[in-house]
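These notes are about the structure you will find just below.
These numbers come from a predicted model, not from an experiment. Values below: all heavy atoms of this structure, side chains included; hydrogens, waters and symmetry mates excluded.
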Amino acid sequence: MSIVQLSYNSFSVYSDNNDDKIINRGETIKLKVSLKNTGTIAVKSAKATFSTTSSYVSGFSPDTPISYGDISANKIKWADYQNDNNENESGVTYTIQFTVSNSTPAGTQIPIRISIVDENDNTWEDGFDVTVSATQISYNSYSVYSDNNGDKIINKGETVGLKVSLKNTTASTIKAVKATFSTTSSYVSGLSPATPISYGD
């Protein structure tokens with residue numbers, strides 16, 4: 001077994017278009033990526049080059065090696081940000097960035113490959129997948145539009161009209177959205193309409 005073994009450890013979303021830290025289609029994503037030395041001695045001057053073969057990704061950068069510096073035995077290390085502003089020499093505080101195509105199916109896994117080398121020209125290959133969120137449209141909020149006594153509070157015995165808003169959690173427009181509402185509550189009668197309601201784009 002090698003006394004030095006470098007591998008992928010984890011990633012975090014550094015930034016995305018709507019700042020929800022979820023990878024959605026149409027967004028430009030910046031990731032921070034950590035590596036781990038699972039060996040028994042320190043590795044010196046580690047560098048990693050990232051790439052992807054996904055047809056759903058454009059603008060993948062950088063395509064040059066990224067410094068991770070020295071990584072002690074059994075330790076985790078994020079990319080080597082060296083100056084007082086927690087930036088590397090190029091002023092970058094994230095590891096890689098790419099744009100996810102608007103046509104990417106929800107739930108698609110995007111493979112990221114990592115080629116790692118140290119100062120002694122030892123090399124390692126590893127990788128990870130990032131998943132494009134399956135959540136596209138979700139419930140956002142409701143308000144009481146009407147009720148029997150006009151106090152906007154839902155009381156027993158009242159017929160209540162609600163306004164319900166939905167949220168697009170992607171960075172792109174979703175066309176011709178319709179929603180159908182239902183309930184399994186035994187305390188409710190006359191829920192309507194039973195047909196889809198248009199929300200437009």
- Message: Evaluate W124 against D118 for side chain to side chain contact (heavy atoms under 4.5 Å, CB included), listing each step before the verdict.
- Response: CA-CA 9 Å; W124 300 267; D118 69 3; 3.6 Å; yes

- Message: Applying side chain to side chain contact (heavy atoms under 4.5 Å, CB included) to L166 and N140, what does each step give before you reach the verdict?
- Response: CA-CA 5 Å; L166 303 181; N140 181 63; 5.7 Å; no

- Query: Does the pair D70 and S45 meet the rule for a side chain to side chain contact (heavy atoms under 4.5 Å, CB included), with working shown?
  - Reply: CA-CA 5 Å; D70 300 342; S45 301; 4.2 Å; yes

- Message: I'd like to know whether F60 forms a side chain to side chain contact (heavy atoms under 4.5 Å, CB included) with I112, so could you lay out the CA-CA distance, the side-chain angles of the two residues, the decisive distance to 0.1 Å, and finally the verdict.
- Response: CA-CA 10 Å; F60 193 95; I112 309 292; 3.8 Å; yes

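Cluster membership check: I153 does not share its hydrophobic cluster with Y145, using side-chain heavy-atom separations under 4.5 Å among Ile, Leu, Val, Met, Phe, Trp and Tyr. Linking ILVMFWY side-chain heavy atoms closer than 4.5 Å, directly or via other members, places I22 and V33 in two distinct hydrophobic clusters. I96 and V117 end up in different hydrophobic clusters when Ile, Leu, Val, Met, Phe, Trp and Tyr side chains are linked at under 4.5 Å.
S34 and S10 form a side-chain donor-acceptor contact under 3.5 Å, judged by distance and modelled atom types alone. Between the side chains of T99 and S58, no donor N or O sits under 3.5 Å from an acceptor N or O.
With sequence neighbours excluded, no residue forms a ring-ring contact (aromatic ring centres under 6.0 Å, His included) with Y14.
Interatomic distance, N155 CG to N149 CG, rounded to the nearest 0.5 Å: 5.5 Å. Distance CG/D129 to CZ/R113: 8.0 Å, rounded to 0.5 Å. Note that CD1 of I116 and CG of L6 are 5.5 Å apart. Values are rounded to the nearest 0.5 Å. Note that the CD1 atom of I23 and the OG1 atom of T28 stand 12.0 Å from one another [nearest 0.5 Å]. Distance check: E119 CD to K47 NZ gives 10.5 Å after rounding to the nearest 0.5 Å. Going from atom CD of Q109 over to atom OG1 of T104 covers 13.0 Å, rounded to the nearest 0.5 Å.
The two residues K32 and T93 make their nearest non-hydrogen contact at CE-O, 3.8 Å. The shortest heavy-atom contact between D151 and E158 is OD1-OE2, 4.5 Å. The minimum heavy-atom distance between T53 and P111, with the atom names listed, is OG1-CG, 4.0 Å. Closest of all the heavy-atom pairs between G39 and A73 is O-CB, 3.6 Å. Between G26 and N102 the shortest heavy-atom distance is CA-OD1, 3.1 Å.
Using a 4.5 Å heavy-atom cutoff, the side chains of N120 and K44 are not in contact. Taking the side chain as every heavy atom from C-beta outward, T38 and Q5 approach each other to under 4.5 Å. V100 places none of its side-chain heavy atoms less than 4.5 Å from the side chain of E27. Between S12 and W78, some side-chain heavy-atom pair lies under the 4.5 Å cut-off. The side-chain heavy atoms of V144 and L162, taken from C-beta on, include a pair separated by under 4.5 Å. Annotation: side chain of V132 is in contact with side chain of I110 (closest heavy-atom distance under 4.5 Å).
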Which donor-acceptor pairs under 3.5 Å do side chains of residues 187-201 form with protein atoms, sequence neighbours excluded?
residue	atom	partner	partner atom	Å
S198	OG	G200	N	3.3
Y199	OH	V164	O	2.7
D201	OD1	A176	N	3.0

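Within 6.0 Å of NZ on K21 lie more than 12 heavy atoms contributed by other residues, nucleotides or ligands. For K167, the NZ atom is loosely surrounded, since the number of other residues' heavy atoms within 6.0 Å does not exceed 12. Surrounding OH of Y142 are at most 12 heavy atoms belonging to other residues, nucleotides or ligands under 6.0 Å away. By the 6.0 Å contact criterion, NZ on K77 is enclosed, its count of non-hydrogen atoms from other residues, nucleotides or ligands being greater than 12.
With hydrogens and angles disregarded, a donor-acceptor distance shorter than 3.5 Å links the side chain of N37 to the backbone of S72. No side-chain donor-acceptor contact under 3.5 Å links D16 to the backbone of I29.
Ring-plane geometry between Y68 and F50 is classed as tilted, the angle between the planes lying from 30 to 60 degrees on a 0 to 90 degree scale.
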